[in-house]
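In the text below, chain A, chain B and the rest are named by the order of the sequence lines, each starting its count at 1.
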Amino acid sequence: MKSEQAIKSKLEEILGLKPGAAELETPPDKAMGDYAFPCFKLAKQFRKAPNLIAAELAEKLSESGLSAQAAGGYVNFRLDRTAFAKDVLEAYEQAGASYGASSEGQGRAVCVDYSSINIAKPFHIGHFRTTVIGHSLCRIYAKLGYKPVGINHLGDYGTQFGKLIVAYKRYGDRDAIEQNPMIELMKIYVRFHEEAEKDKSLEDEAREWFRKIEDGDEEAQSLFEWFKDMTLREVKRVYDDLDIEFDYYTGESFYNDKMAPVIGELREKGLLELNDGASVVDLAEYNMPPCLILKADGASLYATRDLAAAIYRKETFDFAKSLYVVAYQQDLHFKQVFKVLELIGREWAKDMEHVSFGMVSLEDAALSTRKGNVVLLVDVMKKAVEKAMAIIEEKSPGLADKETAARRVGVGALVFDTLSSNRIKDISFSWDRALNFDGETGPYCQYTHARACSVLAKAEWFPNRNAAFDKRADCHPPLHESPNNTVGADGNLPVKTDIGDNLSDDEAFELLRLIEEFPGAIKEAARKNEPFIITRFALDIAKAFNKFYYEHRIMDDDESIRTARLRLTAATRGVLAEALRLIGLYAPEKM
RNA sequence: GCGCCUGUAGCUCAGUCGGAUAGAGCAACGGCCUUCUAAGCCGUGGGCCAGGGGUUCGAAUCCCUUCAGGCGCGCCA
């Protein structure tokens with residue numbers, strides 16, 4: 001029996017079930033078989049004990065040449081591993097760069113609103129989650145044939161900037177701020193809040209300055225632009241290290257002149273009602289508090305801006321999906337916004353999704369810029385890279401371009417750590433965990449990749465070995481830049497060798513099974529908007545490879561064994577590199 | 001008060017559509033480098049799946065309920 005699908009079809013045929021009805025499971029112990037079919041549900045239908053059904057089924061299946069065995073109420077199957085190995089490797093080698101890719105997106109846009117930093121606020125570890133989740137989703141959707149549109153919805157609007165100007169004019173030192181913008185701006189911002197406790201007039205002053213920004217006052221405007229420039233300059237360094245590029249930096253202020261139509265439409269459709277002077281959309285019918293659209297003084301609010309932004313994005317990109325990678329504190333806000341869109345007849349409201357995630361806390365205290373209780377991302381990155389460098393100096397002193405390797409491994413550890421549990425879970429930031437390079441970590445996966453590369457290099461099997469490759473020898477590029485189905489760029493290596501039963505051992509089989517599962521894992525990650533599925537996959541395949549590597553000598557003296565194992569190594573390496581790329585990690589060739 | 005989310009090993013977390021004996025990593029302890037990278041591999045110990053009821057042949061998983069924690073609930077974003 002070659003594949004899971006073939007087993008299912010046969011079962012359905014014998015039992016007279018409709019296609020797709022038979023579900024297979026994986027037995028708890030490999031010795032039992034590769035797939036299992038539980039017969040308990042059939043007991044009622046056939047009025048027979050499950051173990052009897054299993055026994056009869058196993059007999060019938062065996063008659064038709066399958067390796068089926070009854071065990072209690074289960075029928076266990078063993079695959080024809082030789083044929084399976086051939087199928088999986090050929091599928092991979094044929095697809096090459098596009099293995100796991102699909103065209104289901106048909107080039108349609110998926111808007112991903114993520115990272116969305118605040119101007120003049122430091123990039124702290126709390127922002128890291130939205131940044132890496134959003135980035136990974138962009139790559140996953142691109143893999144499935146969508147066109148991701150990465151939007152950094154800047155927090156560039158609000159009285160906070162009035163406060164900052166007041167703080168700057170009172171306590172700011174231009175040179176100090178130029179030297180170390182985010183830290184210094186944070187300091188004066190914190191000081192503003194301390195002083196404002198004592199002197200309420202500061203708040204009024206701040207509101208006045210904010211009004212001046214909006215009115216286009218020259219001094220206010222230029223100060224604001226200065227804050228914005230410094231923030232973007234600093235944050236782009238972080239994005240460079242993470243290999244992130246945004247398509248748009250259209251922030252909140254971008255929608256200032258785009259809210260009138262939607263407000264008008266709400267009013268026209270009779271959805272807007274006055275309540276204590278404010279204009280709201282009542283959502284009691286949907287078990288939600290009212291959605292505030294306009295303040296009593298007529299000013300717009302957060303929701304107003306998001307409604308305008310949603311409509312703008314639909315009109316501009318005609319998205320298939322529009323995602324908001326924002327912490328779960330805003331669950332209600334997005335529910336309200338989506339509902340209001342539905343109420344004004346935007347049927348595409350169903351295509352919007354709040355990709356919410358848990359809070360990041362610091363030693364049991366919430367992160368708060370205002371209180372100055374932050375861990376800056378640049379500091380964490382710096383420490384991680386230093387640690388990676390120290391390990392490289394110790395273990396691979398001869399490595400070329402150690403700086404790049406250290407940066408990729410150090411940053412990779414942080415990204416991987418952030419993507420290594422379900423989005424919804426809260427995270428308590430821990431230096432120990434973030435800087436751990438052992439066990440289920442990014443460096444572990446990267447190390448495994450480098451190990452595989454090392455074997456392939458030794459066999460002179462490295463894909464695409466050429467001058468360009470040598471220049472970037474520190475770090476392997478994504479799979480799509482380096483299709484490794486071109487095994488033997490030297491042109492003298494056999495690709496279509498007969499695998500025979502050289503890959504029928506448990507360790508090779510586990511790897512083949514994972515390679516086969518990769519395309520499904522990508523789809524599931526997209527369906528759930530959960531990059532963690534890919535993180536888990538990367539760990540699984542890395543573990544399986546290390547086990548394989550330990551149990552079997554890849555560079556065996558026997559040529560047919562060696563070739564088969566090298567093909568498996570090449571495929572594993574390619575899939576692992578691609579999995580890492582999908583969650584935003586580089587896969588170094590050496591480390 | 002109301003709503004949403006979370007609760008699995010000392011710690012951090014997996015656990016698919018309800019399936020066989022609940023799995024990893026960290027930390028602790030003990031093994032494995034003259035063979036392809038030891039950032040690795042193997043082993044040992046560690047569990048009332050928060051508690052209680054129910055549905056089911058079968059529940060960590062579904063339903064009800066209690067408890068604990070987090071978040072949100074009109075003029076911030």
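- Aromatic pair A:Phe537/A:Phe518: ring centres closer than 6.0 Å.
- Within the nucleic acid shown, A:Ile554 comes within 4.0 Å of at least one base atom, counting heavy atoms only.
- Place A:Asn118 and A:Lys41 on RNA chain B by their nearest nucleotides, and A:Lys41 ends up nearer the 5' end.
- Between the P atoms of B:G54 and B:A59, the separation comes to 12 Å (whole Å).
- When each of B:U12, B:C36, B:G40 is scored by its nearest atom to the side-chain atoms of A:Arg433, the top-ranked nucleotide is B:U12.
- If you check every strand for non-hydrogen atoms under 4.0 Å, A:Ala450 touches a base.
- Side-chain proximity of A:Tyr328 to the nucleotides B:U37, B:C73, B:G70 is greatest for B:G70.
- Within the shown strands, nothing qualifies as a pairing partner of B:G18 under the Watson-Crick or G-U definition with both distances less than 3.5 Å.
- Nucleic acid contact for A:Ile391: base, since at least one base atom lies under 4.0 Å from a heavy atom of the residue.
- Closest to the side chain of A:Arg451, out of B:C57, B:U37, B:A20, is B:U37.
- The phosphate of B:G7 (OP1 or OP2) has a side-chain N or O of A:Lys425 nearer than 4.0 angstrom.
- Using a cutoff of 4.0 Å between basic side-chain nitrogens and carboxylate oxygens, A:Glu440 and A:Arg536 are scored as salt-bridged.
- Within the 4.0 angstrom heavy-atom criterion, base atoms lie near A:Asp276.
- Comparing A:Ile392 and A:Tyr302 against RNA chain B, the residue whose closest nucleotide sits nearer the 5' end is A:Ile392.
- In this structure, A:Met591 reaches the bases: a heavy-atom distance under 4.0 Å links it to at least one base atom across the strands shown.
- Nearest approach of A:Arg407 to A:Val385, heavy atoms of both residues: CA-CG2, 3.8 Å.
- Residue A:Pro289 has its side chain nearest to B:C73 when only B:C73, B:C57, B:C71 are considered.
- In this entry the distance linking CD1 of A:Ile424 with C1' of B:G69 reads 14 Å, nearest Å.
- When the shell of 6.0 Å around CD of A:Gln69 is examined, it contains 12 or fewer heavy atoms from other residues, nucleotides or ligands.
- Both distances falling under 3.5 Å, in either a Watson-Crick or a G-U wobble arrangement, place B:C32 opposite B:G40.
- For A:Asp558, the CG atom is densely surrounded, since the number of other residues' heavy atoms within 6.0 Å is greater than 12.
- Put simply, CD on A:Glu25 is 7 Å from P on B:G19, counting in whole angstrom units.
- Of the P atoms belonging to B:A60 and B:G23, the separation is 12 Å, rounded to the nearest Å.
- Taking 4.0 angstrom as the limit, A:Tyr444 places a side-chain polar atom (N or O) nearer than this to OP1 or OP2 of B:C41.
- Comparing atom distances between the A:Asn422 side chain and each of B:C76, B:C71, B:G15 picks out B:G15 as nearest.
- Among the atoms of the strands shown, only primed sugar atoms or phosphate atoms (P, OP1, OP2) are found under 4.0 Å from some heavy atom of A:Gln329.
- Computed from coordinates, the A:Asn546 CG to B:C33 P distance equals 18 Å when rounded to whole Å.
- At a threshold of 4.0 angstrom between heavy atoms, the contacts of A:Gln330 include nucleobase atoms, whether or not backbone atoms are also involved.
- Only the C1' atoms considered, B:G19 is 29 Å distant from B:U66, to the nearest whole Å.
- In this structure, A:His333 atom NE2 and B:C76 atom C1' are separated by 12 Å, rounded to whole Å.
- Nearest nucleotide to the A:Ala36 side chain, out of B:G19, B:A20, B:C36: B:A20.
- Aromatic rings of A:Tyr255 and A:Tyr312 (six-membered ring for Trp) have centroids within the 6.0 Å cut-off, being under it.
- Distance noted for atom C1' between B:C64 and B:U55: 11 Å (whole Å).
- For A:Tyr447 and B:G25, the OH to P distance is 16 Å, given to the nearest whole Å.
- Nucleotides B:G31 and B:A38 have their C1' atoms positioned 13 Å apart, rounded to a whole Å.
- For B:G19, the base is not stacked against the aromatic ring of A:Tyr74, per a cut-off of 5.5 Å between centres and 30° between planes.
- Listed by first then second residue, pairs satisfying ring-ring contact (aromatic ring centres under 6.0 Å, His included) with a partner in residues 287-306 of chain A read A:Tyr302-A:His333, not counting sequence neighbours.
- Under the 90° criterion around 0 for the glycosidic angle, B:C26 counts as anti.
- Base engagement by A:Asn76 is indicated by at least one non-hydrogen atom pair under 4.0 Å involving a base atom.
- Base pairing annotation: B:G7 forms a Watson-Crick or G-U wobble pair with B:C67, both donor-acceptor distances under 3.5 Å.
- Between B:G19, B:G74, B:C73, one nucleotide has an atom nearer to the side chain of A:Val280 than all others, and that is B:G74.
- Base-pair partner of B:U12: B:A24 (Watson-Crick or G-U wobble, both distances under 3.5 Å).
- When both pairing distances are held under 3.5 Å, B:C73 makes a Watson-Crick or G-U pair with B:G1.
- Under 4.0 Å is where a charged nitrogen must lie from a carboxylate oxygen, and between A:Lys543 and A:Asp540 no such pair does.
- A donor-acceptor contact under 3.5 Å links the side chain of A:Asn275 to the base of B:G74.
- Closest to the side chain of A:Ser421, out of B:G74, B:C5, B:A14, is B:A14.
- Of the P atoms belonging to B:C11 and B:C49, the separation is 15 Å, rounded to the nearest Å.
- Nucleotide B:G45 forms a pair with no other nucleotide shown, judged by Watson-Crick or G-U wobble geometry with both contacts under 3.5 Å.
- When distances run from any side-chain atom of A:Pro28 to the nucleotides B:A20, B:C5, B:A38, the shortest one goes to B:A20.
- B:G74 has its base syn relative to the sugar, with a glycosidic angle deviating from 0 by at most 90°.
- Side-chain contact between A:Thr569 and A:Thr572: absent, with no pair of heavy atoms (C-beta onward) separated by less than 4.5 Å.
- Here A:Leu301 lies in heavy-atom contact (under 4.0 Å) with sugar-phosphate atoms only.
- Of the P atoms belonging to B:U56 and B:U61, the separation is 16 Å, rounded to the nearest Å.
- Taking only side-chain atoms of A:Arg536, from C-beta outward, the nucleotide of B:G74, B:A20, B:C13 with the closest atom is B:C13.
- On the P atoms, B:C26 is 31 Å away from B:C71, given to the nearest whole Å.
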